[in-house]
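Just so it is clear: chains get the letters A, B, ... in the order the sequence lines come, proteins before strands, and each one is counted from 1.
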There are 2 protein chains.
Amino acid sequence: MREQLETLTEGNETSESSSRNTLRYIMLGLLWARPMSGYDIKQTFERAIASYWNAGNSQIYTTLKNLHKAGLIDAEIIVQTSRPNRKVYRLTRAGEEELSHWLQEDVPERFTKDEFLAKLFFCGAASDDVALAHLQSHRESLLKQLAHMEWARREYGSRPVRRPHLLEYQLLVREYKEAILKAGLEVTEKAIARLEQRLNPQS
Amino acid sequence: MREQLETLTEGNETSESSSRNTLRYIMLGLLWARPMSGYDIKQTFERAIASYWNAGNSQIYTTLKNLHKAGLIDAEIIVQTSRPNRKVYRLTRAGEEELSHWLQEDVPERFTKDEFLAKLFFCGAASDDVALAHLQSHRESLLKQLAHMEWARREYGSRPVRRPHLLEYQLLVREYKEAILKAGLEVTEKAIARLEQRLNPQS
DNA sequence: GAACGCATGTAATCAGTTACATGATTGC
DNA sequence: GCAATCATGTAACTGATTACATGCGTTC
């Protein structure tokens with residue numbers, strides 16, 4: 001599909017990584033913003049990132065171990081008495097470079113999975129009731145996501161942060177995500193109205 | 001996170017599958033619409049589904065083999081002279097039931113990855129030029145996707161099909177996808193304008 | 001004679017999910 | 001006494017990508 005010129009087979013030692021592995025870079029980015037433990041990272045995902053990326057604890061902790069082994073982050077154990085100890089990680093110089101390299105790289109054009117649309121596409125093979133139920137629960141899901149963004153905006157939107165310049169792009173991302181959620185909601189609600197009309201044409 | 005009651009450990013022979021493995025079901029759905037070869041399936045992905053799901057040839061062919069082994073599809077070899085032979089698959093009764101079962105199941109709430117937003121989120125750690133470049137190439141990508149949908153509408157939108165009832169939901173999916181692409185485009189263009197203004201404030 | 005369309009696959013690897021495992025403290 | 005929050009991980013598995021492998025016919 002895309003031709004790959006292999007005329008220059010040598011000379012690829014520059015950086016030993018070329019995109020993908022997005023999670024690694026997201027985590028580097030988070031640790032650039034401030035030093036954090038695996039637990040903190042998980043929290044940040046849930047609070048601020050979950051609508052376009054997420055990871056389970058298992059993946060987070062193994063990735064932290066990898067990043068540490070690769071020398072991109074340093075670890076420090078914070079001893080606590082009435083709570084389990086924390087391992088707090090912070091970016092090294094090499095980690096900063098890796099992050100900056102990723103930021104400058106083009107975003108690879110990979111398709112975005114959407115299981116809802118995939119199922120809806122085939123709803124003609126089921127009944128309209130089934131389609132309606134999916135649309136309704138999708139609407140609930142969208143409303144929940146929008147409510148969560150609203151909550152996050154209040155809770156974390158206007159607090160002093162260590163990296164103020166990050167805030168601007170975080171707002172942009174939120175604006176983007178909110179816009180597409182709302183656009184999806186509109187189409188969903190119109191479709192629900194149409195179907196309800198058809199299935200239940202009283203009044 | 002979600003508790004799983006294991007009080008009823010027995011009794012799970014009903015259907016040996018419970019969601020996930022979306023690709024399998026998409027392929028069953030496509031074969032329900034009409035019998036197809038792996039090659040046809042790949043084409044259909046590219047033409048009609050690629051914006052919210054896709055798969056490489058390797059995955060398509062191995063999945064076809066699995067579905068066949070599971071008795072959900074039948075295979076027939078179509079001998080051709082001036083072209084490689086084709087293996088055309090069609091749904092069995094068991095396959096239809098599996099599909100219908102999936103269609104009635106709730107869509108599991110899994111987050112949707114978006115590498116563009118993930119990178120944009122951290123663009124405060126780079127320069128505005130970098131962010132601008134990403135936004136511009138994202139705009140191109142959105143325009144390309146919209147153009148492709150336009151093309152698909154003309155090419156495949158108004159032709160007789162074996163399963164006319166499918167068409168309605170396919171149109172809805174297209175409408176949905178188009179709406180969110182346009183919403184994203186709008187935000188992207190506004191952000192580009194803002195950045196260009198800032199980086200290059202002549203006139 | 002190069003590139004493209006047709007047509008099918010295998011092997012190795014990587015990313016991501018699920019299940020499992022532990023344990024103290026705080027609030028209801 | 002029960003659930004939630006804090007806190008860190010390992011092992012097994014499944015889903016998805018990348019690289020590799022083949023080969024004929026048609027069009028430029």
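Contact annotation: A:Lys113 does not reach the phosphate of D:dG15 (side-chain N/O to OP1 or OP2, under 4.0 Å). Proximity of A:Lys42 to the phosphate of D:dA7: no side-chain N or O atom is located under 4.0 Å from OP1 or OP2. Contact annotation: A:Arg86 side-chain N/O to D:dA7 OP1/OP2 distance is under 4.0 Å. Residue B:Ser37 places at least one side-chain N or O under 4.0 Å from the OP1 or OP2 atom of C:dT8. Checking the phosphate oxygens (OP1, OP2) of C:dA7, a side-chain nitrogen or oxygen of B:Gln80 falls inside 4.0 Å. Put simply, B:Asn57 has no side-chain N or O that comes within less than 4.0 Å of OP1 or OP2 on C:dA7. Between B:Gln59 and C:dG9, a side-chain N or O to OP1/OP2 separation shorter than 4.0 Å is absent. Side-chain N/O atoms of A:Lys87 include one lying less than 4.0 angstrom from OP1 or OP2 on D:dG9. Between C:dC6 and B:Gln43, a contact under 4.0 Å exists linking OP1 or OP2 to a side-chain N or O.
Here the side chain of B:Arg110 is nearest to one of C:dT18, C:dG5, C:dT26, namely C:dT18.
B:Asp40 has its CG atom 10 Å from the C1' atom of C:dA7, to the nearest Å. The distance from atom CE of B:Met36 to atom C1' of C:dT8 is 17 Å, rounded to the nearest whole Å. Atom OH of B:Tyr61 is separated from atom P of D:dT17 by 17 Å (rounded to the nearest Å). For B:Asn66 and C:dT8, the CG to C1' distance is 16 Å, given to the nearest whole Å. For B:Glu115 and D:dA16, the CD to P distance is 15 Å, given to the nearest whole Å. Rounded to whole angstrom, the span from the CD1 atom of A:Ile60 across to the P atom of C:dA15 amounts to 16 Å. For the pair A:Arg24 CZ and C:dG16 C1', the computed distance is 15 Å after rounding to whole Å. For the pair A:Tyr39 OH and D:dA7 P, the interatomic distance rounds to 6 Å; values are reported in whole Å.
Rounded to 10 degrees, the angle between the two end axes of the helix from C:dG1-D:dC28 to C:dC28-D:dG1 is 40°, with five pairs used at each end.
Of the residues listed (B:Ile41, B:Leu67, B:Leu28, B:Leu64), the one engaging B:Tyr89 in a side chain to side chain contact (heavy atoms under 4.5 Å, CB included) is B:Leu64, and it is the only one.
Not a single donor-acceptor pair, N or O on each side, falls under 3.5 Å between the base of D:dT10 and the side chain of A:Thr62.
Between A:His165 and A:Tyr169, the ring planes lie perpendicular to each other; the angle is over 60°, past the 30° to 60° tilted range. Ring planes of A:Tyr25 and A:Trp102: parallel class, angle under 30° (limits at 30 and 60°).
Mapping A:Ser58 and A:Pro84 onto DNA chain D via the closest heavy atom, the residue that lands nearer the 5' end is A:Pro84. With DNA chain C read from its 5' end, the first of the two nearest nucleotides for B:Gly38 and A:Gly56 is the one closest to B:Gly38. Between B:Lys65 and B:Asn85, the residue whose closest nucleotide on DNA chain C is further toward the 5' end is B:Asn85.
Looking at A:Gln104 and A:Ser100, their side chains do bring a donor and an acceptor atom within 3.5 Å of each other. A side-chain donor-acceptor contact under 3.5 Å links B:Gln43 and B:Arg47.
Salt bridge absent: A:Glu150 and A:Lys177 never bring a charged side-chain N and a carboxylate O closer than 4.0 Å.
Atom CD of B:Glu96 is surrounded by more than 12 heavy atoms from other residues, nucleotides or ligands within 6.0 Å.
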Subject >> B:Glu168 vs A:Arg198, salt bridge (charged side-chain N to carboxylate O under 4.0 Å, His left out): CA-CA, chis, key distance, verdict >> reply: CA-CA 13 Å; B:Glu168 189 190 334; A:Arg198 188 196 301 174; 2.5 Å; yes
